[in-house]
**Student:** 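Okay, handing you the structure first.
Note that the coordinates shown come from a computational prediction; the quantities given were computed from them, not determined experimentally.
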Amino acid sequence: MKANHSDLFQPSIAGKREKIGHLSVSLCAWLIICLVIMVLGFTAFKGTALFRQQQASLSAFLTGVHWLPNQAKFGILPLLSGSLIVAAASLLLAVPFALGTAIFMTEVADQRWQRLFRGGLSILSGIPAVVYGLVGIVAIIPLLRTYLGGTGYGWLAAAIILAIMILPTLITLAADAFAAVPRDYQITATALGATKFQVWLTLIFPLAVVRLKTALIFGFAQAFGEAVAVQMVIGNAALLPTKLNSPAATLTSVITINLGDTAMGSNENNALWSLALVLLLMSLLFNLLTHYLMRGKKDID
């Protein structure tokens, strides 16, 4: 039987295509790794210039309460505390609504309502941050001014806006955590006489707790790193918050406002790059904490 020449060359052509494909995806992976290393290295280099060139004290930088770069005062404690307080408060405001909505989506709503809710969450997550900031100025600020006094601008207004912004992330991740619990477990527990409340308390929540913790970390990280919406409503005063209506500032809001008005290499510019380095390190900490939680305990798998 005479062999077909096209069949003889087919394995060779397929092998070449496989090698080309393998080389392409490898190059893409290494390109991403190189970009990450470049971003980390560049930010670290610029962020340490304040300590290398201006000989600023690291302890004074971390614990100082005065942020006045034009006077060589680089204390970031008010900015760091503002970021942490705003992010934590937004999480406290958002978590009850996120858990309630996630439970409704997974246990009460039918498929049609679930699709409707997920579509709404997609719309919320796609709204630009500046729109949330405008809503805060028009709706939240006047309410806070009426009931709490002052200008209405402050860390509480920023926390409310951030709570709305992180709701889609929290709801989606919490709903996925609950939905990942096998239905067979719930059916078996119900057949053994457990009530709905007992099933949720002793079965679903313990199995989903690791993923819920991960959702909280993602929500906190998102709130911690938000800039535009926070800058529009927080008041932008580098002071330690003392009251509900106290104006404050965050790391991101200070960078957003001032970076474009500083000269490259100046004390002010180097100080802002140091803030960026702190933000980067905090983001890495959140990521490491997430990996630790997911590796330390396998909740459902």
Side-chain angles (χ1 to χ4, degrees), residues 66-70 75-95 97-98 120-171 218-262 268-269 271-280 282-283 286:
H66 300 291
W67 176 258
L68 298 169
N70 56 347
I76 69 165
L77 187 60
L79 312 181
L80 185 59
S81 62
S83 296
L84 293 173
I85 291 173
V86 169
S90 66
L91 203 62
L92 290 176
L93 292 173
V95 163
F97 296 98
L121 293 176
S122 300
I123 294 174
L124 282 177
S125 61
I127 296 176
V130 67
V131 176
Y132 284 105
L134 290 174
V135 171
I137 293 175
V138 173
I140 305 300
I141 297 298
L143 287 176
L144 295 179
R145 185 186 302 125
T146 300
Y147 291 102
L148 296 179
T151 63
Y153 292 87
W155 68 267
L156 183 58
I160 294 174
I161 293 300
L162 285 177
I164 300 173
M165 294 182 67
I166 66 177
L167 268 177
T169 299
L170 291 177
I171 294 173
F218 275 123
F220 187 88
Q222 181 183 353
F224 190 87
E226 178 55 44
V228 176
V230 173
Q231 177 261 325
M232 295 174 68
V233 299
I234 199 171
N236 301 303
L239 303 171
L240 290 170
T242 57
K243 298 184 294 184
L244 288 176
N245 59 350
S246 294
T250 63
L251 298 170
T252 53
S253 66
V254 171
I255 295 173
T256 303
I257 293 173
N258 298 307
L259 189 60
D261 298 326
T262 59
E268 294 84 354
N269 186 266
L272 293 177
W273 275 104
S274 297
L275 296 185
L277 179 60
V278 173
L279 274 174
L280 180 61
M282 294 294 293
S283 299
F286 295 143

**Student:** Say whether, by atom type as modelled, one donor and one acceptor occur between the side chain of Asn245 and the main chain of Leu148 under 3.5 angstrom.
**Tutor:**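 It does hold such a pair.
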**Student:** Within a strict 4.5 Å, meaning less than it, do heavy atoms of the Ile85 and Pro241 side chains meet?
**Tutor:** yes
**Student:** Can you check whether Leu93 reaches Leu162 side chain to side chain, under 4.5 Å on heavy atoms?
**Tutor:**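 No. Closest side-chain heavy atoms not under 4.5 Å.
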**Student:** Rounded to the nearest 0.5 Å, what's the gap from CG on Asn236 to CD1 on Ile257? Could you check?
**Tutor:**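 Rounded to the nearest 0.5 Å, the CG-CD1 separation comes out at 3.5 Å.
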**Student:** Identify the two heavy atoms, one from Ile166 and one from Gly219, that lie closest to each other, and give their separation to 0.1 Å.
**Tutor:**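 Here Ile166 and Gly219 meet closest at CG2-O, 3.7 Å.
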**Student:** State the CD1-CH2 distance between Ile234 and Trp155, to the nearest 0.5 angstrom.
**Tutor:**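 Between Ile234 CD1 and Trp155 CH2, I get 10.0 Å after rounding to 0.5 Å.
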**Student:** Between Thr169 and Gln222, is there a side-chain donor-acceptor contact under 3.5 Å, judged purely by atom types and distance?
**Tutor:** yes
**Student:** Rounded to the nearest 0.5 Å, what's the gap from CD1 on Ile161 to CD1 on Ile141? Could you check?
**Tutor:**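 If I round to the nearest 0.5 Å, the distance is 7.5 Å.
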**Student:** Answer yes or no: is there a side-chain heavy-atom contact under 4.5 Å between Leu79 and Thr250?
**Tutor:**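 They are not in contact (no side-chain heavy atoms under 4.5 Å apart), so the answer is no.
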**Student:** Quick one: do Leu134 and Met232 satisfy side-chain contact (heavy atoms from CB on, under 4.5 Å)? Show the steps, please.
**Tutor:** CA-CA 8 Å; Leu134 290 174; Met232 295 174 68; 3.7 Å; yes
**Student:** Within a strict 4.5 Å, meaning less than it, do heavy atoms of the Ile137 and Tyr132 side chains meet?
**Tutor:** no
**Student:** Please confirm whether Phe224 and Phe286 have ring centers closer than 6.0 angstrom.
**Tutor:** yes
**Student:** Does the side chain of Ser81 come within less than 4.5 Å of Leu240's, by heavy atoms?
**Tutor:** yes
**Student:** Minimum heavy-atom separation for Leu170 to Ala98, with atom names?
**Tutor:**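 For Leu170 and Ala98, the tightest heavy-atom pair comes out as CB-CB, 3.6 Å.
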**Student:** Looking only at non-hydrogen atoms, find the nearest pair between Ala163 and Ala94 and report the distance.
**Tutor:** O-CB, 3.7 Å
**Student:** Find the distance between CG (Leu272) and CD1 (Ile255) and round it off to the nearest 0.5 Å.
**Tutor:** 6.5 Å
**Student:** Flag the pair Val233 / Ile140 as yes when at least one side-chain heavy-atom distance between them is below 4.5 Å, and no otherwise.
**Tutor:**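 Val233 does not reach Ile140 side chain to side chain.
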**Student:** Would you say the side chain of Leu124 lies within less than 4.5 Å of the side chain of Ile127, judging by non-hydrogen atoms?
**Tutor:** yes
**Student:** Which atom pair, heavy atoms only, marks the closest approach of Ala271 to Trp67?
**Tutor:** CB-CH2, 3.6 Å
**Student:** Under 3.5 Å, is there a donor on one side chain and an acceptor on the other for Ser253 and Thr256?
**Tutor:**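 Their side chains do not contain a donor-acceptor pair, so the 3.5 Å distance test is not met.
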**Student:** So Met282 and Leu84, do their side chains get closer than 4.5 Å, heavy atoms only?
**Tutor:**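 Contact flag for Leu84/Met282 side chains = yes.
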**Student:** Can you name the closest pair of heavy atoms from Pro78 and Gly75 and give their distance?
**Tutor:**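 Shortest heavy-atom separation between Pro78 and Gly75 comes out as CD-O, 3.8 Å.
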**Student:** Any idea which heavy atoms bring Ala157 and Gly152 closest together, and the distance?
**Tutor:**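 Closest approach of Ala157 to Gly152: CB-O, 3.8 Å.
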**Student:** When rounded to the nearest 0.5 angstrom, what distance separates CG in Leu259 from CD in Glu268?
**Tutor:** 11.5 Å
**Student:** Would you compute the distance between atom CG of Leu244 and atom OH of Tyr147 and round it to the nearest 0.5 angstrom?
**Tutor:**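 Going from the CG atom of Leu244 to the OH atom of Tyr147 covers 15.5 Å.
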